[in-house]
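Encoded as structure tokens, the structure appears first; notes follow it.
Residues take their numbers from the sequence shown, with the count starting at 1. Whatever order the structure lists ligands and atoms in, that order sets their numbers, starting from 1.
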Amino acid sequence: MRTKQFKSESKKLMDMMINSIYTHKEIFLRELISNASDALDKLYFRSLTDNSVGIAPDDFEIRIEIDKDARTLKVIDNGCGMTEEELDKNLGTIAKSGSFDFKQENEKKENVDIIGQFGVGFYSAFMVSDKVTVESKAFGSDEAFRWASSGTEGYTIEPCDKETVGTTVTLYIKEKTEDENYDEYLDQYRISALVKKYSDYIRHPIRMEFTTKEPVETDDKDKEPEYRDITELRTLNSMIPLWKKAKSEIKPEDYNNFYKDKFYDYEDPARVIHSKTEGQATYSALLFIPKHPPFDYYTKEFEKGLQLYSKGVLIMDKCADLLPDYFSFVKGLVDSEDLSLNISRETLQHDGQLKLIAKTIEKKIKSELEKMLKDEREAYEEFFKAFGIQLKFGVYNDYGMHKDTLKDLLLFRSSNEKKYVTLKEYAERMKEGQDAIYYACGETDEKIEMLPQTDAVKDKGYEILYLTENVDEFALKMLGEYDGKKFMNICDDNLNLDSEDEKKALEQENTAAKDMFDLMKESIGDSINGVRFTNKLKNHPVCLTSEGGISLEMEKVLNSMPGAAENKVQAKLVLEINAEHPIAEKLKTLYNEDKDSLGKYAKLLYGEACLIGGKSVPDPAEHSALVCELMTK
Ligand code: ADP
């Protein structure tokens, strides 16, 4: 028999488990029971439609056996079991279903931290054991195999005898040390308390033979009392699912432990929503808003959904119809009295009851978020940093169908103290005479502040929303207005901050310089729609503004999308020149005296405007040559 090596990440994890100084070593039992329960669920699920399973619903169980002399603790289940390949794959590599990129985290975090931070699963057994064996017989197979490992050197897999389908995990408990009393994991009271503490809600019975002493009756009153051992099989867990218990009986850590265990998170949830609803739809819901996105949240692989139970029995692991996309970060479950056990995905979609439940769930999540925004601003901001982008997509998607549901949950940073504001807050503190909600787009707040247009708007005392995510401007466009106030990009050509007199004066100047601008446009080419003077710049000589609906930022986003190459979008750009800047006079002089140089200056200014606006210069080589020509003049 050959000893196989663990995959490298698993080896590191194993090392940590063995040498762990983690104080919550006891969680190993929860992990093993959880695995056993999952295995039972899988086979139970199958038994609903497959008679060959041959186990009655009530006979699925988890057994715990303690042998003090042999120093072993066994966790036994009659669940789905594992084949030889599965033993190899599942226990030779760190859990693929684990919610965590081990390598990356491992670089940063300390030993102790890691263990507390995520469900370590099966490997946690090595925190308390010198050796672990797993004997398993998969459902549908007549062979059984034994996986065994004493630590990092590797593991072996060999055939073994096992009558029944399922898995027996045997821990060879470490000897007691000065620091750690491992003997407690061989104590029936301690084990029973651990089951109660971490696994009470597990819906399969967790049974253990319990030995108690009973005095032996005797007629001889003078004799020392004698005792005899009574052994009985006890069920250690109440099996009442957490969500079915009265709220008053549930402690915050019960919710937190349940969440972390069930949804593979290393952090407590940000919010718990536990509700029982009666009426048109009767159901219990236990929902969690995580503190951070799971590692695959922003990938294709991520599947949204809530677990769906019918009268306490899991019927679907990820019921997508229960959650709108914009709340896809919510984890949790729904248990309904009204759904049938073997309902299929297809029939579910048309289930009126389910639609009703989904509606009320959406309302509950929304009102919880609103409450958080109102009462716990800081926590909400943290939430928004993690999931705000999802809400913004929600505004934009489905042709804006959900924008009214979501608009008051949005936050944007703004020029006022660079803190987050809601649209409502913005609207409420708008200055008198301000009739639009101003925003600016850029990669970062700093880059937005450097936009030439920013100063003029700030000078008026108007607040500017800083949009730094690709989706931001699209979401605002979809909203169109808030509270009757239009959204206005400060780079829009009709920003309109001037008084009537100022406007008139500028118009006259622009008309007078029309021929000059035409000439400039001609040398710059088709990338712009026109050139003109502006009043809206304070210190900067030039800027780019856009006419029509597509801004410079939207042009960038749209053109970076897959398939955009053949169908490039172009913002209609106008090169605006600060009428008060010395360059304006210079241009006029050149127009009269040196038209050739005017053309070159026009190109240079356009290049500058591109750079400032975060757009690439169309011809960098030419731009550079022109700069050098100017420098050597
Ligand atoms: P996780 O439970 O997070 O997936 P584990 O390391 O605890 O990670 O387990 C790895 C995998 O091994 C499980 O996903 C499961 O497929 C399998 N496994 C573990 N214990 C059992 C068991 N008692 N019965 C069947 N399969 C099991």
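The shortest heavy-atom distance from Glu31 to ligand 1 is not under 4.0 Å.
Across Asn90, Asn78, Thr168, Val169, heavy-atom proximity to atom 12 (O) of ligand 1 is greatest for Asn90. In this structure, of Asn35, Leu32, Ile33, the residue bringing a heavy atom nearest to atom 19 (C) of ligand 1 is Asn35.
With sequence neighbours left out, Phe60 forms a ring pair (Phe, Tyr, Trp, His ring centres under 6.0 Å) with Tyr44.
Counting the atoms of ligand 1 from 1 in the order shown, those under 4.0 Å from a heavy atom of Ala39 are 24 (N), 25 (C). The distance from ligand 1 to the heavy atoms of Tyr264 drops below 4.0 Å at these ligand atoms: 3 (O). Near Met82, with a cut-off below 4.0 Å to any heavy atom, the atoms of ligand 1 are 17 (C), 18 (N), 21 (C), 25 (C), 26 (N), 27 (C).
Residue Asp77 touches ligand 1 through its side chain alone, judged by heavy-atom distances below 4.0 Å. Looking at Thr167 against ligand 1, only its side chain comes within 4.0 Å, counting heavy atoms.
In this structure, Tyr264 has its ring center no closer than 6.0 Å to that of Phe295. The aromatic ring centres of Phe28 and Tyr185 sit less than 6.0 Å apart.
The number of heavy-atom neighbours closer than 6.0 Å to NZ of Lys359, taken from other residues, nucleotides and ligands shown, is 12 or below.
Residue-to-ligand polar distances keep Gly81 apart from ligand 1: every N/O pair is separated by 3.5 Å or more.
Across Arg207 and Thr235, no two heavy atoms sit closer than the pair NE-OG1, 3.3 Å. The nearest pair of heavy atoms linking Glu31 to Ser124 is CG-OG, 3.5 Å.
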> Hey, mind stepping through Arg190 and Glu184 against salt bridge (Lys or Arg N to Asp or Glu O under 4.0 Å) and telling me if it holds?
Replying inline: CA-CA 6 Å; Arg190 176 81 174 124; Glu184 62 181 343; 2.8 Å; yes

